[in-house]
Amino acid sequence: MKASISFPELQNLLLEKASTPLSFGFVNDKTISVTYPLNLGFIKKDVTADLTIVDMDGSDLLVHVDAGRGTETLLNTALGILWNKLPEGMIEKRPDSHLLVHLGQIEQVKSVFDAIRVDDIHVLGGGLEVEGGLK
């Protein structure tokens, strides 16, 4: 079984749930480019990072973040911005620029993971595709 979500759908979902205006782009079958418009008043700049899917274990998604030399600073800033907008414990910062995202912390997504086993996630030109089967 395959299911997909387009980048615009994902962007709208994140804007609605976390009030975070992110945009996404295709890099390769395991990597998406994520852009956030940073506005600190005197600094307005688009900040971009590549998120590479490393592993999926149940509803936990391990990703590697690469934003060049500023990766750690970007991670700390992004997590600071998102901390109060996401369910507590949803994102864990791991060593070597890795994040563990507990997707099961999102109520709507948890019900999907309760019924479906996720085998793989692919990045497509216009979104994400999940492969799996019924439990």
Side-chain angles (χ1 to χ4, degrees):
M1 169 184 347
K2 292 182 182 181
S4 64
I5 184 168
S6 70
F7 289 146
E9 287 175 296
L10 188 57
Q11 288 166 203
N12 290 336
L13 180 66
L14 287 169
L15 186 59
E16 177 186 322
K17 298 296 181 188
S19 301
T20 304
L22 299 175
S23 59
F24 301 94
F26 174 82
V27 176
N28 62 45
D29 71 325
K30 289 293 182 185
T31 305
I32 62 173
S33 172
V34 180
T35 302
Y36 177 78
L38 183 63
N39 184 352
L40 299 176
F42 59 94
I43 296 176
K44 292 181 182 179
K45 179 181 179 182
D46 284 346
V47 179
T48 301
D50 289 343
L51 300 180
T52 301
I53 299 166
V54 176
D55 190 28
M56 184 81 188
D57 184 16
S59 64
D60 293 338
L61 177 65
L62 182 65
V63 296
H64 177 261
V65 180
D66 182 6
R69 288 184 279 167
T71 298
E72 284 303 312
T73 300
L74 175 67
L75 280 175
N76 291 333
T77 302
L79 290 176
I81 292 169
L82 293 173
W83 220 249
N84 294 326
K85 297 178 181 182
L86 298 173
E88 185 177 340
M90 184 177 161
I91 299 176
E92 288 181 44
K93 188 175 176 197
R94 295 289 176 97
D96 300 323
S97 303
H98 284 79
L99 295 176
L100 184 62
V101 183
H102 300 287
L103 297 172
Q105 295 281 338
I106 303 169
E107 186 176 325
Q108 298 89 335
V109 177
K110 182 186 181 316
S111 61
V112 172
F113 282 109
D114 287 345
I116 295 174
R117 175 194 76 252
V118 175
D119 296 325
D120 204 0
I121 297 179
H122 302 282
V123 180
L124 304 175
L128 299 173
E129 179 180 76
V130 177
E131 290 184 36
L134 296 175
K135 287 186 175 179

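Just so you know, residue 1 is the first one in the sequence shown, and it goes up from there. Keep in mind that what you see is a predicted model, and the values were worked out from it rather than measured.
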| request: Would you check if M56 and L103 make a side-chain contact, meaning some heavy-atom pair closer than 4.5 Å? | output: yes

| F113 side chain near D60 side chain, heavy-atom distance below 4.5 Å | no

| said: Nearest 0.5 Å, please: how far is CZ in F26 from CD1 in I32? | reply: 11.0 Å

| Going from CD on Q105 to OG on S59, what distance comes out if it is rounded to the nearest 0.5 angstrom? | 8.0 Å

| Can you hop from M90 to L14 via hydrophobic side chains spaced under 4.5 Å? | yes

| message | Would you say that L99 contacts K93 through its side chain, given a criterion of any heavy-atom pair below 4.5 Å between the two side chains? | response | yes

| task | Enter the distance from L13:CG to S6:OG here, rounded to the nearest 0.5 Å. | result | 10.5 Å

| What heavy-atom pair brings T48 and A67 nearest, and what distance separates the two atoms? | O-CB, 3.9 Å

| Whether over 12 other heavy atoms sit under 6.0 Å from K2 NZ | no

| field | Side-chain heavy-atom pair V123, L128 within 4.5 angstrom cut-off | value | yes

| message | I need the D29 CG to I121 CD1 distance, nearest 0.5 Å. | response | 12.0 Å

| Atom pair NE2/OG1 of H98 and T52 - distance to nearest 0.5 Å | 8.5 Å

| message | Test side chain to side chain contact (heavy atoms under 4.5 Å, CB included) on I53 and T31; report intermediate values, then the result. | response | CA-CA 6 Å; I53 299 166; T31 305; over 6 Å; no

| message | Rounded to the nearest 0.5 Å, what separates atom OG in S111 from atom CD1 in I116? | response | 9.0 Å

| request: Identify the residue among D120, I5, L124 that makes a side chain to side chain contact (heavy atoms under 4.5 Å, CB included) with E129. | output: L124

| request: Kindly indicate, with the supporting measurements, whether the criterion salt bridge (Lys or Arg N to Asp or Glu O under 4.0 Å) is fulfilled by R94 and D96. | output: CA-CA 7 Å; R94 295 289 176 97; D96 300 323; over 6 Å; no

